[in-house]
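Have a look at the structure below, then the notes.
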Amino acid sequence: GESVGLHLPTLSVQEGDNSIINCAYSNSASDYFIWYKQESGKGPQFIIDIRSNMDKRQGQRVTVLLNKTVKHLSLQIAATQPGDSAVYFCAEIPYGQNFVFGPGTRLSVLP
Amino acid sequence: KAGVTQTPRYLIKTRGQQVTLSCSPISGHRSVSWYQQTPGQGLQFLFEYFSETQRNKGNFPGRFSGRQFSNSRSEMNVSTLELGDSALYLCASSLEEVGTEAFFGQGTRLTVV
């Protein structure tokens, strides 16, 4: 498959464990954030989003936490599965502007 | 409902040539954005179109241009191709305005030789 990024930070977790992927964003005016998952050879796939008036949002097996004080976003994946192996991007969207993506983190799930 | 469709999936072009990539958004979506993805620079915003008007533009040279048609389909064009233009070009569509959930296509892999 195609390489999304050759020198991405990598997180390796055991299958069944929880994963936490972190992202620092830069613009304090950003009011909308999205996490995307990108598998080799595919486009980014929406996972979960959160607006700046919230500090936590839960989906199916995923939770996003937002800390506006330190401009930090995290994605928690419960009971990580082999199919979760991918590159994960956070995106911040300042009001009226377009997406600014983070560099990405490669998640590797070990059997 | 069909997702975002990008054509072609793969392209090989020679330096100096020009190329046109196509994106069909999800039915009913009016906003189309284009991104360039490279291993070194990551995902970078090119431009966004909404109702046939370019609404935002990223920091790319004028060789990169785009347009949107009345049916919301969009094309992007790169003229006078350079080796550094080799990348995965991604298109994303949104229902309405910027700041809402965006869905990506599979991308077009452009290789310039």
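Chain naming here is simple, since letters A, B, ... match the order of the sequence lines and numbering starts at 1 in each. None of these values were measured; they are calculated from a predicted model.
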Please round to the nearest 0.5 Å and tell me the distance separating atom CZ of A:Phe99 and atom CZ of B:Phe45. 10.0 Å
Non-hydrogen atoms of [X] and [Y] that approach each other most closely:
| X | Y | answer |
| --- | --- | --- |
| B:Gln37 | A:Phe89 | NE2-CZ, 3.4 Å |
| A:Tyr32 | B:Glu101 | OH-N, 3.3 Å |
| A:Gln38 | B:Leu88 | NE2-CD2, 4.1 Å |
| B:Leu43 | A:Pro44 | CD1-CG, 4.3 Å |

Is A:Tyr36 in contact with chain B via its backbone, its side chain, both, or neither, using a 4.5 Å heavy-atom distance? side chain
For [X], does the [atom1] atom sit with more than 12 other heavy atoms under 6.0 Å from it, leaving out its own atoms?
| X | atom1 | result |
| --- | --- | --- |
| A:Gln14 | CD | yes |
| A:Arg61 | CZ | yes |
| A:Asn53 | CG | yes |
| B:Ile12 | CD1 | no |

Applying the 4.5 Å side-chain criterion to the ILVMFWY set and letting contacts propagate, would [X] and [Y] be lumped into a single cluster?
| X | Y | value |
| --- | --- | --- |
| B:Met76 | B:Phe50 | no |
| A:Leu73 | A:Val70 | no |
| A:Leu11 | A:Val64 | yes |

Give me the ring orientation class for B:Phe104 and A:Phe101: parallel if the planes are under 30° apart, tilted from 30 to 60°, perpendicular past 60°. perpendicular
Applying a strict 4.5 Å limit to non-hydrogen atoms, the region of B:Tyr35 in contact with chain A is side chain
Side chain, backbone, both or neither: which part of B:Ala102 has an atom under 4.5 Å from a heavy atom of chain A? both
